[in-house]
Amino acid sequence: MAMAMGKQHGSSPEDDDVEAPLLPVDPATTTGRRPASSSSSRLQALFAHRYPAILSGPAACLAVCLLADLDLGVHGAAPRNMLGALAWVFLWWVTDAVPLAVSSMAPLFLFPALGVASADAVAAAYMDDVIALVLGSFILALAVQRYHIHRRLALNIMVRFCGDPVRPAWLLLGVTGTTAFVSMWIHNTACTVMMMPVATGILQRFPRGTGGNGEELAEVRRFSKAVVLGVVYASAVGGMATLTGTGVNVILVGMWSAYFPEQRPITFSSWMAFALPLALVVFLALWVTLCLMYCSKDTGKALSGYLDRSHLRTELSLLGPVAFAEKMVLAVFGGLIVLWMTRTLTNDIPGWGVLFHNKVGDGTVTIMMATLLFIIPSGKSEGEKLMDWDKCKDLQWSIILLLGAGFAIADGFRTSGLTDILSSGLGFLEGAPALVVVPVACAFSGVITEFTSDDSTATLVLPLFAELAKSIRVHPALLVVSGAVGAQLSYLLPTGSPSNVVGFSTGYVTIKDLVVTGLPLKVVGVAALTILLPTLGSVIFGMENKSREHQWKFWNLSV
């Protein structure tokens, strides 16, 4: 699969040199005749170079700046210019006119040129503590992938869950549970890319043709869908539980500290205390849904001819004993998790961060622990370390730049005054109980996220919800946290998440499978958030006083 994905996404420079001509080739010299229509060729070339998509961004920005009728007031033209810049960046994101990393750097020249923010202010947004957290976690994920630790973990768990004879429901629990756990500590896209070869390695033992017993093959195909969908959705669900699991949570923390510095900060431990129960509820719904929709009493019998524990034990034995390098990577990863969870504890019991006057952040310790990977020897050859910078060429810089763009856009929304204008249109939520505010905000974000990436949705929606919370005088967590969770419920379409694309590209699932399986999970996610946020969230996010009226309304409506 990795080779197939590599062929889809690009080839090596050597391959390019061999296959691509060094000079433009005239069709007449290769075919002996002129093209049928030069105008048709020019049109094809125009679309091949994506010029219409590229021009859509500047055109939309110009149209907004010239035609948008905003109540400028004391802010001058800044809100209108900010909206134009946002239209430019958003269209480039949606149309893939230029690479994601390039479109994510557009605010660096758009905001200063349009008078939205200074160059220094925009550039500062691209290197925040949470950006350092993501960068360090990506380096750790590459170390895990380099030494096949994720594969060893997956095979160990599946050996225990497979059963003899095969128990499909328990095997699904092993696959999805492993994926969800791994996704808690690394970005969910990276987790899907790492775990999908493990899943498809199992499925390769199953027939995909039309020969043989038709009913047996139908059962095998249905179970294959369940395995692929389980990896895709479990990576999203697990990533929801921690700050490092997905970029949306990182964007949430950055915007929370920027918009609401007076509120109780969202830390790694506080977010996990709230999001882990939510993730467990959605994960349970995922497992039950997969078992009900894709497993029957005959599935185990159909699989027993192709899969048993001996196959998994063989693959596990091929990995050999746990090497020194693997132990060291696990030790660094485990130490980082402990540092994340103990930096701040409670108001009465301070964490280790108090030793440094609370000036350190989660990104601080992440970079520190990632640095150890370049210092600790691997034990394989003299002078070799656990990681070297050449191995970091696969870092997902596009996601890091996208997060930076998100912070820059959030600052632009706030400083330009655009959020004041846009949030006035959502004023109908003023006075509504939490039972209404939470699902509306979550569903609003959840619809948008099906058509663009989770991180892009969070970047666009969270600043609006932050200002809306101020204007309708509710605790910001009711809106901002709801918007962040809704952005992660991208379960219905391939465009909703890179993880969906990875699963869709295997050929085992269709868009119909995504919609039919993802819709119940989306409903469960919204319902679970509606219950947990005004209750458990009131304690974690400090809503006891400011949202007490909303909580009373919530419980009165519930009763």
With sequence neighbours excluded, residues passing side-chain contact (heavy atoms from CB on, under 4.5 Å) with [X]:
| X | answer |
| --- | --- |
| A87 | A60, V64 |
| L280 | L276 |
| A405 | W93, S104, P107, Y126 |
| A234 | T176, T179, A180, L286 |

Considering residues at least two apart in sequence or located in another chain, which fulfil the side chain to side chain donor-acceptor pair (under 3.5 Å) criterion with [X]?
| X | value |
| --- | --- |
| Y294 | T517 |
| S257 | none |
| T289 | none |
| S235 | T192 |

Is there side-chain contact between [X] and [Y], with heavy atoms separated by less than 4.5 Å?
| X | Y | answer |
| --- | --- | --- |
| L533 | V481 | yes |
| V480 | M255 | no |
| L171 | F223 | yes |

key: Approximate separation, where rounding is to 0.5 Å, of K359 NZ and F356 CZ   = 12.5 Å

inquiry  = Using 0.5 Å steps for rounding, measure from the CG atom of L521 to the CG atom of L229.
reply    = 9.5 Å

Listed by chain and number, what are the ring pair (Phe, Tyr, Trp, His ring centres under 6.0 Å) partners of [X], not counting sequence neighbours?
| X | result |
| --- | --- |
| F333 | none |
| F138 | H187 |
| Y491 | Y233 |

query = Do you know the tightest heavy-atom contact between M184 and M272?
reply = CE-CE, 3.5 Å

note = For L278 and A528 the tightest heavy-atom approach is CD1-CB, 3.6 Å

query = Judged by modelled atom types alone, do D454 and T457 share a side-chain donor-acceptor pair under 3.5 Å?
reply = no

Test item: side-chain donor near acceptor, Q488 and T449, under 3.5 Å = no

inquiry  = Applying ring-ring contact (aromatic ring centres under 6.0 Å, His included) to Y259 and W256, what does each step give before you reach the verdict?
reply    = CA-CA 5 Å; Y259 278 98; W256 182 271; over 10 Å; no

Would you tabulate the side-chain donor-acceptor contacts of residues 437-446 under 3.5 Å, counting partners in other chains and residues two or more places apart, or write 'none'?
| from | atom 1 | to | atom 2 | distance (Å) |
| --- | --- | --- | --- | --- |
| S445 | OG | G483 | O | 2.7 |
| S445 | OG | A487 | N | 3.1 |

request  = Using atom types as modelled and distance alone, determine if a side-chain donor or acceptor of K522 lies under 3.5 Å from a backbone N or O of L489.
outcome  = yes

task = Begin from the C-alpha positions of L135 and W397 and carry the test side-chain contact (heavy atoms from CB on, under 4.5 Å) through to its verdict.
result = CA-CA 9 Å; L135 178 60; W397 292 108; 3.9 Å; yes

